[in-house]
A.B. asks: 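The structure is given below, and queries will be raised subsequently.
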Amino acid sequence: MTASPFRQPKAVWAVAFACVISFMGIGLVDPILPALSAKLHATPSQVSLLFTSYLLVTAVAMLATNWVSSRIGPKRTLIAGLVLIVVFAGLAGTSDTINGIVGFRAGWGLGNALFIATSLAVIVASASGGFGGAIILYETALGIGIAVGPLLGGTLGGISWRGPFYGVSVLMFIALIATAVLVPSTPTPKERTSLAAPLTALRHRGLLIMSLTAVFYNWGFFTMLGYAPYPMHLSEHQLGLVFTGWGLLVAIFSVAVAPRLQQRFGTAKTLYANLFLLAVVLAVIGAFTDSPTTVIVAVIVCGAFIGINNTLTTQAVMTVAPVPRPVASASYGFVRFIGGGLAPYAAGKLADHFNMHVPFYAGAAAFVIAIAVLATGHRILTEAEAAVASDEAASGQPQEAVGEVITIGRTGEPNGNRPIVVAIDAGSATDAVTAAAVELATTLHAPLELLHVHEITVVGEEAVDRETYDQARERVEAYLRELAARGVPASGHILRSVADHSNAGSMIASHAKAVNAQLIAIGSPAHSGVAHLLDGSASQRLITEAGCRVLIVPPGTDRDVAADGHPAMR
């Protein structure tokens with residue numbers, strides 16, 4: 001019987017619900033921007049400060065999120081973020097002035113920073129449906145939040161401009177209670193992160209270049225998000241429908257399309273083309289600002305390119321950054337949110353001094369500049385991707401390097417025969433796989449090569465470790481000790497990977513070719529349905545790219561049967 005990714009503890013559903021509301025954030029407010037301008041007698045540039053205060057505070061707070069979380073633990077950090085969102089979203093609804101709302105949005109931004117820094121990690125830690133199941137839930141929350149946020153914002157905004165603010169506050173309060181009651185306490189990390197770590201990390205050229213690329217990308221993105229509603233001349237509900245279409249494309253292309261484009265064309269080439277197409281779309285909006293239909297279609301289409309860019313830029317950051325994942329995320333978040341925060345304010349000033357066309361042309365230019373900035377780091381990015389694909393060492397210490405092979409230990413001496421590669425992970429089939437491989441190794445007098453892929457998975461604009469490096473090392477060392485006790489010659493390795501899950505299969509196949517393996521033993525995917533596809537993607541890539549036979553061992557397979565070859569051999 002296989003586990004369903006949606007059969008999870010109540011704690012996971014509580015956090016997933018909070019994620020949905022969090023992802024509604026910006027889209028919820030977008031449909032009411034023209035109404036705020038009209039009813040509070042504010043110019044579009046004044047209303048744009050709702051984005052500026054929210055994003056700039058989020059940017060600065062990103063520098064401290066790891067510092068806070070490493071001292072009070074993920075759950076308390078998550079709850080602190082929820083409390084701030086509940087309080088400041090509610091206060092924004094009570095305000096009668098645009099300046100008051102802008103100020104309360106700043107507090108909302110602080111809560112958002114604390115929440116987004118820990119929500120994905122808490123879901124992964126609490127999920128019983130495995131890592132794949134946790135990621136599917138998070139992706140589902142991402143899609144629902146982005147798509148439904150504008151629709152709910154338009155519906156509530158049609159009743160009153162205060163409705164979206166009160167709606168977020170009430171929904172987040174429900175999520176807060178559920179999280180506090182249902183989510184178990186999380187341990188405080190063993191190592192504390194310093195406040196200076198994210199800023200110090202920006203000394204690394206690759207991370208700095210990708211972060212600056214994101215500044216100009218976010219400049220164009222938030223120009224569109226903050227000013228496109230005005231030339232549409234639609235009601236709150238109609239604007240909600242438009243941005244719901246936009247949000248659906250963001251979610252679909254972020255989760256389903258971006259990884260495939262990355263596999264087919266590579267990260268750098270895909271980003272170049274995507275940023276260029278974004279520039280074209282924004283230039284079209286600028287040229288046809290007087291045509292509401294053109295603006296509506298362009299905004300919806302823009303969602304596809306936004307989704308692709310969000311995923312691949314985050315993946316590129318994790319690929320080139322020679323620092324731990326949480327530090328890289330904080331550094332990247334700090335820089336990119338600055339661009340998003342300044343853009344709406346600058347766009348407002350351009351519109352006030354010139355006309356509504358100019359901000360969109362400036363946004364298109366920002367996308368072009370992003371291409372130029374990215375090009376200065378082209379070699380760094382392509383070399384980092386090549387290191388992942390070929391399993392060559394990148395640089396730095398094992399805890400920090402990305403895309404390298406780390407040898408953990410060795411038992412016995414190689415006997416000159418071609419080895420058997422054994423892929424081990426935290427799945428239920430690993431013991432059966434190892435047992436089958438041991439019997440085959442004994443029969444064939446072949447040494448074993450234990451491989452464990454330590455992955456960082458990117459979901460939208462967030463990234464999460466499947467496990468810590470220490471946990472991965474302990475797992476490999478435990479199997480090496482067992483093999484040493486049985487007198488089986490073996491070596492243990494950790495392969496570092498930042499990519500979609502299927503890349504793990506490519507890494508194992510590449511290493512097997514490098515050691516001239518005669519056979520690869522792996523466990524079958526442990527899930528059914530969508531989670532099976534997630535796990536199965538790695539197996540399929542391995543089978544396709546392996547230069548030798550692949551033994552697939554299901555969970556609980558009897559070792560004698562496995563040795564006789566009954567498990568599926570491809």
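Remember, predicted model here, so these are calculated numbers, not experimental data.
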A.B. asks: Just by distance, no angles: are the side chains of H378 and Y272 close enough, under 3.5 Å, to form a donor-acceptor pair?
C.D. replies: yes
A.B. asks: What closest approach, in Å, do V433 and A423 show between heavy atoms, and which atom pair accounts for it?
C.D. replies: CG1-O, 4.1 Å
A.B. asks: Under the side chain to side chain contact (heavy atoms under 4.5 Å, CB included) criterion, do V335 and L202 qualify, and how do the steps go?
C.D. replies: CA-CA 9 Å; V335 178; L202 290 172; 3.8 Å; yes
A.B. asks: Hey, could you give me the CZ/CE distance between R336 and M210, rounded to the nearest 0.5 Å?
C.D. replies: 11.5 Å
A.B. asks: Would you please say whether a donor-acceptor pair under 3.5 Å links the side chains of S491 and H493?
C.D. replies: yes
A.B. asks: So, for N417 and L444, which heavy atoms are closest and what is the spacing to 0.1 Å?
C.D. replies: ND2-O, 3.8 Å
A.B. asks: Distance-only, no hydrogens or angles: does the H452 side chain make a donor-acceptor pair with backbone N or O of I424 under 3.5 Å?
C.D. replies: yes
A.B. asks: Considering only heavy atoms from C-beta outward, does the side chain of L110 approach that of T58 to under 4.5 Å?
C.D. replies: no
A.B. asks: Which atom pair, heavy atoms only, marks the closest approach of N112 to S22?
C.D. replies: OD1-OG, 3.6 Å
A.B. asks: How close do A432 and V553 get, heavy atom to heavy atom, and via which atoms?
C.D. replies: CB-CG1, 3.8 Å
A.B. asks: For the pair R418 (side chain) and A517 (backbone), establish whether a donor and an acceptor sit closer than 3.5 Å, ignoring hydrogens and angles.
C.D. replies: yes
A.B. asks: Looking only at atom types and distance, does a side-chain atom of R486 sit under 3.5 Å from a main-chain N or O of E482, one as donor and one as acceptor?
C.D. replies: no
A.B. asks: Keeping T267 on the side-chain end and Q262 on the backbone end, is there a donor-acceptor pair under 3.5 Å?
C.D. replies: no
A.B. asks: Any chance the side chains of T311 and S254 put a donor and an acceptor closer than 3.5 Å?
C.D. replies: yes
A.B. asks: Between T270 (side chain only) and G266 (backbone N and O only), is there a donor and an acceptor less than 3.5 Å apart?
C.D. replies: yes
A.B. asks: Side chains of V488 and L448: closer than 4.5 Å at any heavy-atom pair?
C.D. replies: yes
A.B. asks: Nearest 0.5 Å, please: how far is CG in L207 from OH in Y332?
C.D. replies: 10.5 Å
A.B. asks: Does S331 reach the main-chain N or O of P198 with its side chain, forming a donor-acceptor pair under 3.5 Å?
C.D. replies: yes
A.B. asks: How close do K75 and P184 get, heavy atom to heavy atom, and via which atoms?
C.D. replies: CD-O, 3.5 Å
A.B. asks: Under 4.5 Å between any side-chain heavy atoms of T193 and P326, yes or no?
C.D. replies: no
A.B. asks: Do the non-hydrogen side-chain atoms of R203 and L208 ever get within less than 4.5 Å of each other?
C.D. replies: no
A.B. asks: Is there a side-chain contact between I72 and T77, using heavy atoms and a 4.5 Å cut-off?
C.D. replies: yes
A.B. asks: How long is the straight-line distance from CG of L176 back to CD1 of I21, given to the nearest 0.5 Å?
C.D. replies: 12.5 Å
A.B. asks: Would you sort out whether M24 and I146 count as a side chain to side chain contact (heavy atoms under 4.5 Å, CB included), showing the intermediate values?
C.D. replies: CA-CA 5 Å; M24 288 181 178; I146 292 177; over 6 Å; no
A.B. asks: How long is the gap from CG on L261 to CD1 on I308, to the nearest 0.5 Å?
C.D. replies: 5.0 Å
A.B. asks: Nearest 0.5 Å please: distance from the CG atom of L551 over to the CG atom of L440.
C.D. replies: 6.5 Å
A.B. asks: Measure across A175 and L82 and return the closest heavy-atom pair with its distance rounded to 0.1 Å.
C.D. replies: O-CD1, 4.3 Å
A.B. asks: Taking E545's backbone N and O only, do any of them form a donor-acceptor pair with K513's side chain (distance below 3.5 Å, no angle check)?
C.D. replies: yes
A.B. asks: Determine whether V422 and E449 make a side-chain contact, defined as any pair of heavy atoms from C-beta on separated by less than 4.5 Å.
C.D. replies: no
A.B. asks: Test your reading of the model: is there a side-chain donor-acceptor pair from N218 to the backbone of F337, 3.5 Å cut-off?
C.D. replies: no
A.B. asks: Would you say S69's side chain and T65's backbone share a donor-acceptor pair under 3.5 angstrom?
C.D. replies: no
A.B. asks: Apply the test side chain to side chain contact (heavy atoms under 4.5 Å, CB included) to residues V421 and L519: give CA-CA distance (whole Å), side-chain angles for both, the deciding distance (0.1 Å), then the verdict.
C.D. replies: CA-CA 6 Å; V421 168; L519 184 138; over 6 Å; no
A.B. asks: Is the closest side-chain donor-acceptor distance between N310 and Y217 under 3.5 Å?
C.D. replies: yes
A.B. asks: Are there over 12 heavy-atom neighbours, none belonging to R71, within less than 6.0 Å of that residue's CZ?
C.D. replies: yes
A.B. asks: Dump the intermediate steps for side chain to side chain contact (heavy atoms under 4.5 Å, CB included) on F334 and L199, then the final yes or no.
C.D. replies: CA-CA 9 Å; F334 165 65; L199 290 175; 3.8 Å; yes
A.B. asks: Taking the side chain as C-beta and beyond, is there a heavy-atom pair between V183 and V122 under 4.5 Å?
C.D. replies: yes
A.B. asks: How many angstroms lie between atom SG of C19 and atom CG of L120, to the nearest 0.5 angstrom?
C.D. replies: 7.5 Å
A.B. asks: Side-chain contact test, heavy atoms from C-beta onward, threshold under 4.5 Å: evaluate it for L312 versus N274 and give yes or no.
C.D. replies: no
